[in-house]
Amino acid sequence: GAWQVGATAGQWGLHAEKIGYHSTSRQNVSAEAGAYVDLPEALTMAVNSSALGGLVLTEGGLPIVAASVRAERSDGADTQLLTGSEGLFQFNLDAGLWEIVASKPGHVQAGPRTVTLVAGEDITLDPPFVLGAQAVILSGFVQSGGGVVGGSQVRAVPETGGSQEAYAGPQGAWQLSLAPGTWTLTANKEGYSSGAPLQLVLSIGGGQSGITLELEANPCRVEGVVSDGSNPLPGATVSNGELDAQSAWDGSYSLTLPAGEQTLECWLEGYASGAGLPLDLAPGQELGDLNFTLSPNAATVGGRVLGAD
């Protein structure tokens with residue numbers, strides 16, 4: 001439970017939160033430059049009073065050990081655990097709307113269950129989750145521009161029935177256990193556009209690995225104003241070294257950039273350029289108020305470069 005966080009000098013309010021626990025009360029601290037501050041008391045979390053449990057069984061009614069059960073709240077927060085020796089699972093969760101999914105490699109995933117929890121409620125899901133055998137195991141990676149994309153959702157949609165989902169790990173790897181039949185696979189993640197869907201016809205014993213699903217990073221947009229501190233400066237160039245835009249009559253500019261680390265610079269003849277703005281843009285990110293202030297009356301140096309005789 002030990003933690004440490006870096007902060008600039010000033011007044012800060014600290015609290016801790018985790019699914020399954022009540023958030024701690026806020027502690028206010030004053031941080032000085034170069035100082036190390038210990039909180040006067042620990043951030044103590046109490047277990048939530050809402051409990052949700054159930055069973056994961058085979059089609060023959062036998063318990064499935066080490067099945068993964070995932071609970072996702074309506075706001076996207078999620079937690080997961082593994083079933084015990086009797087196929088049992090139990091969550092301590094916040095009140096709210098939750099979707100529960102059970103799965104295990106080699107078994108056909110059961111459809112999701114939606115549950116609304118009230119504070120202090122204790123619910124056992126009935127009937128239990130039943131995972132079918134004879135699953136076809138698919139695995140692969142999610143990529144974009146030759147690099148892996150972690151945290152993306154892989155969705156498999158059958159010709160009839162409900163879809164199934166898996167989430168790619170930090171290295172973009174994913175795995176699904178599906179029933180025989182025709183399935184269409186896509187990958188999704190905020191800030192990216194899905195590539196062409198992949199359709200597969202699956203049969204018992206026909207598992208596949210190394211399947212690559214493509215995402216395309218959405219472009220980013222940055223905006224701001226160029227001025228001399230008092231008046232807008234039209235005609236200034238704003239550039240990341242490869243792409244550039246010119247400021248309009250009111251000093252405003254808008255520039256479409258790729259995701260990633262880069263430095264935005266601005267210049268205009270007759271003005272001294274300020275320091276560049278370092279950026280680390282996520283796919284599809286939009287930033288405003290990236291303003292530049294240029295100093296007027298800068299000297300302009302020109303000349304010629306000649307080769308030696």
Side-chain angles (χ1 to χ4, degrees), residues 18-22 45-140 151-158 160-170 173-181 183 185 202-209 211:
K18 183 179 180 181
I19 289 178
Y21 295 81
H22 294 292
M45 308 182 77
V47 176
N48 284 333
S49 57
S50 298
L52 176 68
L55 280 168
V56 181
L57 306 175
T58 67
E59 292 175 316
L62 299 176
I64 298 180
V65 180
S68 175
V69 185
R70 182 170 178 270
E72 181 175 359
R73 198 166 54 196
S74 55
D75 63 1
D78 69 295
T79 184
Q80 64 180 22
L81 48 73
L82 299 178
T83 56
S85 59
E86 301 298 323
L88 290 166
F89 67 89
Q90 180 167 309
F91 292 101
N92 290 309
L93 300 172
D94 304 315
L97 180 65
W98 292 85
E99 183 178 84
I100 317 298
V101 177
S103 63
K104 186 174 183 179
H107 295 74
V108 178
Q109 179 177 304
R113 306 277 186 87
T114 300
V115 180
T116 300
L117 282 178
V118 177
E121 192 172 23
D122 189 348
I123 292 180
T124 299
L125 289 181
D126 189 32
F129 284 107
V130 176
L131 306 186
Q134 306 297 328
V136 180
I137 299 178
L138 303 181
S139 63
S152 51
Q153 181 194 62
V154 177
R155 174 171 293 173
V157 180
T160 59
S163 63
Q164 295 193 25
E165 293 85 27
Y167 285 85
W174 57 271
Q175 180 174 285
L176 280 168
S177 296
L178 303 176
W183 294 81
L185 274 60
L202 307 180
S203 57
I204 296 175
Q208 298 183 38
S209 60
I211 300 171

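These numbers were taken from a predicted model, which means no experiment stands behind them. Keep in mind that the numbers below use all heavy atoms, side chains included, and drop hydrogens, waters and symmetry copies.
Closest of all the heavy-atom pairs between P63 and L57 is CA-CD2, 3.7 Å. Nearest heavy atoms, L117 versus A51: CD2-O, 4.3 Å. Nearest heavy-atom pair, A95 versus S50, reported as atom, atom and distance to 0.1 Å: N-OG, 4.4 Å. The shortest non-hydrogen separation linking I123 to T116 is CD1-O, 4.3 Å. Closest approach of A102 to V56, counting heavy atoms only: CB-CG2, 4.0 Å. Closest heavy-atom contact between L176 and A156: CD1-CB, 3.9 Å.
Expressed to the nearest 0.5 Å, how far CG of L178 lies from CG of L185 amounts to 7.0 Å. Interatomic distance, L202 CG to Q208 CD, rounded to the nearest 0.5 Å: 6.5 Å. How far CG of D78 is from OH of Y167: 7.0 Å, rounded to the nearest 0.5 Å. Between F89 atom CZ and L125 atom CG the span is 5.0 Å, to the nearest 0.5 Å. Between the OG1 atom of T124 and the CG atom of L52 there is a distance of 8.0 Å, given to the nearest 0.5 Å. For the atom pair L93 CG and E121 CD, the distance stands at 11.5 Å (nearest 0.5 Å).
Listed by chain and residue number, E165 satisfy the side-chain hydrogen bond (donor to acceptor under 3.5 Å, both in side chains) test with S163 (two or more places apart in sequence, or in another chain). Residues meeting the side-chain hydrogen bond (donor to acceptor under 3.5 Å, both in side chains) test with E72, sequence neighbours left out: R70. Checked against side-chain contact (heavy atoms from CB on, under 4.5 Å), T58 has the following partners two or more places apart in sequence or in another chain: L62, I64. Listed by chain and residue number, Q80, L82, S103 satisfy the side-chain contact (heavy atoms from CB on, under 4.5 Å) test with S68 (two or more places apart in sequence, or in another chain). In this view, S177 and P105, A135, I137 satisfy the side-chain contact (heavy atoms from CB on, under 4.5 Å) rule, not counting sequence neighbours. Listed by chain and number, the residues in a side-chain hydrogen bond (donor to acceptor under 3.5 Å, both in side chains) with D75 are R73 (sequence neighbours excluded).
At least one side-chain heavy atom of W174 sits under 4.5 Å from a side-chain heavy atom of L138.
Applying the salt bridge (charged side-chain N to carboxylate O under 4.0 Å, His left out) definition to pairs two or more places apart or across chains, none involves residues 98-116.
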